[in-house]
> 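Structure provided below as structure tokens; questions to follow.
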2 protein chains.
Amino acid sequence: MRNESKHKLSFKIWLEHNGKPLIGKGGAQILEQIEKEQSISKAAKKLGMSYRYVWSYIKRIEKTLGRSVAETRRGGKAGGGAKLTRFGKELLKEYKRAENLFNKVLTCNR
Amino acid sequence: MRNESKHKLSFKIWLEHNGKPLIGKGGAQILEQIEKEQSISKAAKKLGMSYRYVWSYIKRIEKTLGRSVAETRRGGKAGGGAKLTRFGKELLKEYKRAENLFNKVLTCNR
DNA sequence: TCCCGATGTGCTTCCTTATTCATAACGAAA
DNA sequence: TTTCGTTATGAATAAGGAAGCACATCGGGA
């Protein structure tokens, strides 16, 4: 008997550290775009989020973990910029792996 | 190589109908308690939620689906009561099945 | 030395969600 | 016909998250 689900099953996943939220889908997109754009403000614009929000998101992660996720610099001709630390990249990977897992399960079950 | 996840993976799932939220974890508990207590107000108290909220939750589901989820009655010595319709029970089951699936994936992956 | 564009941060809405308060409607049993 | 505990519903309030605004800070290059 095939699984005839009447309604759409939606889900949201995220990583936690000591019970505190670390990174979800939005956060993963943020980290990805920062790495791609090498800039927090450009990443925010690309994602349609406010700079304020993106910046706060990163700060929250870093405060929760006590480790740096993004390396920023100010001044210079370009005004400044940002890029992920090695640890930030690993965190992103960890989330993507989990997301992949659930997506795979869901498509098998539809 | 075993999967050494550094952080706790959490999730939230819910069913949708035409893009609108139908029932999540809270809603499942609500339906369960209504069936167990045969009363909306008792269910709300048991769950630590306000009657107003529980009642609205059910109404939202019914409005979204255009079908009745709970059958209520007023008056009488007991004041009245409520119980799930057959459809309400099926909806609850559908959610539980999905929740089970997700939990299974998590335990297999830990 | 001044300019520019990005980072850094506080404060003020705005929106969604949930609680609280208040009150009406109901109807079987006493 | 009075009582009692529940359903039904509006309105005000509170809490949280996110956007928007304003402005200070930084530092390489012209």
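Every chain is numbered from 1, with letters handed out A, B, ... down the list of sequences.
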> Could you state the atom-to-atom distance from CZ of A/Arg60 to C1' of C/dT9 in whole Å?
17 Å

> Less than 4.0 Å between a side-chain N and a carboxylate O, is that true for B/Lys93 and B/Glu90?
no

> Test of understanding: clusters of I, L, V, M, F, W, Y form through side-chain heavy atoms closer than 4.5 Å, transitively. Do B/Leu92 and B/Trp14 belong to the same one?
no

> Quick one: B/Glu71 CD to D/dT7 P, roughly how many Å, whole number?
13 Å

> Using a cut-off of strictly less than 4.0 Å, decide whether B/Ser39 has a side-chain nitrogen or oxygen near OP1 or OP2 of D/dG5.
no

> Quiz question: by atom type and distance under 3.5 Å, do the side chains of B/Ser10 and A/Glu16 form a donor-acceptor pair?
yes

> Salt bridge or not for B/Glu62 and B/Lys59, using N-O below 4.0 Å?
yes

> Under a cut-off of 3.5 Å for both distances of each Watson-Crick or G-U pair, what dot-bracket string does DNA chain C give, using [ ] for crossing pairs and | for inter-strand pairs?
||||||||||||||||||||||||||||||

> Do A/Leu84 and A/Leu91 touch side chain to side chain, with heavy atoms closer than 4.5 Å?
no

> May I ask you to decide if the ring planes of B/Phe11 and B/Phe102 are parallel, tilted or perpendicular, using 30° and 60° as cut-offs?
tilted

> Side chain to side chain contact (heavy atoms under 4.5 Å, CB included), that's the test. Do A/His17 and B/Lys8 meet it? Break it down for me.
CA-CA 6 Å; A/His17 182 75; B/Lys8 188 196 169 198; over 6 Å; no

> Is the backbone of B/Glu71 close enough, under 3.5 Å, to the side chain of B/Thr85 for a donor and an acceptor to pair up by distance?
no

> Under 3.5 Å, sequence neighbours excluded: what are the donor-acceptor pairs made by side chains of residues 36-49 of chain A?
{"from": "A/Glu37", "atom 1": "OE2", "to": "A/Lys46", "atom 2": "NZ", "distance (Å)": "2.6"}
{"from": "A/Gln38", "atom 1": "NE2", "to": "A/Glu35", "atom 2": "O", "distance (Å)": "3.0"}
{"from": "A/Ser39", "atom 1": "OG", "to": "A/Ser41", "atom 2": "N", "distance (Å)": "3.4"}
{"from": "A/Ser39", "atom 1": "OG", "to": "A/Ser41", "atom 2": "OG", "distance (Å)": "3.3"}
{"from": "A/Ser39", "atom 1": "OG", "to": "A/Lys42", "atom 2": "N", "distance (Å)": "3.0"}

> Tell me whether the OP1 or OP2 atom of C/dA6 has a side-chain N or O from A/Thr72 closer than 4.0 Å.
no

> Can you measure A/Tyr57 atom OH to D/dA19 atom C1' for me and round it to whole angstrom units?
17 Å

> Which atom names give the shortest non-hydrogen contact between B/Ala82 and B/Thr72, and what distance separates them?
CB-CG2, 3.7 Å

> List, with names and distances, any nitrogen or oxygen atoms from the protein found under 3.5 Å away from nitrogen or oxygen atoms belonging to nucleotides 24-28 of chain C.
{"from": "C/dC26", "atom 1": "O2", "to": "B/Gly75", "atom 2": "N", "distance (Å)": "3.1"}
{"from": "C/dG27", "atom 1": "N2", "to": "B/Gly76", "atom 2": "O", "distance (Å)": "2.8"}
{"from": "C/dG27", "atom 1": "N3", "to": "B/Gly76", "atom 2": "N", "distance (Å)": "3.0"}

> Does one side chain, of B/Ser56 or B/Arg60, offer a donor that lies under 3.5 Å from an acceptor on the other?
no

> To the nearest angstrom, how far is A/Ile40 atom CD1 from D/dC26 atom P?
16 Å

> What are the residues of residues 12-31 of chain B, sorted by number, that bring a heavy atom to within less than 4.0 Å of DNA chain C?
none

> Between residues 41-56 of chain A and DNA chain D, which residues have a heavy-atom gap below 4.0 Å?
A/Ser50, A/Arg52, A/Tyr53

> Would you say that A/Tyr95 contacts A/Lys25 through its side chain, given a criterion of any heavy-atom pair below 4.5 Å between the two side chains?
yes

> Output all residues satisfying ring pair (Phe, Tyr, Trp, His ring centres under 6.0 Å) with A/Phe87, sequence neighbours left out; order by chain, then residue number.
none

> When the distance from CD of B/Glu62 to P of D/dT9 is rounded to whole Å, what number comes out?
11 Å

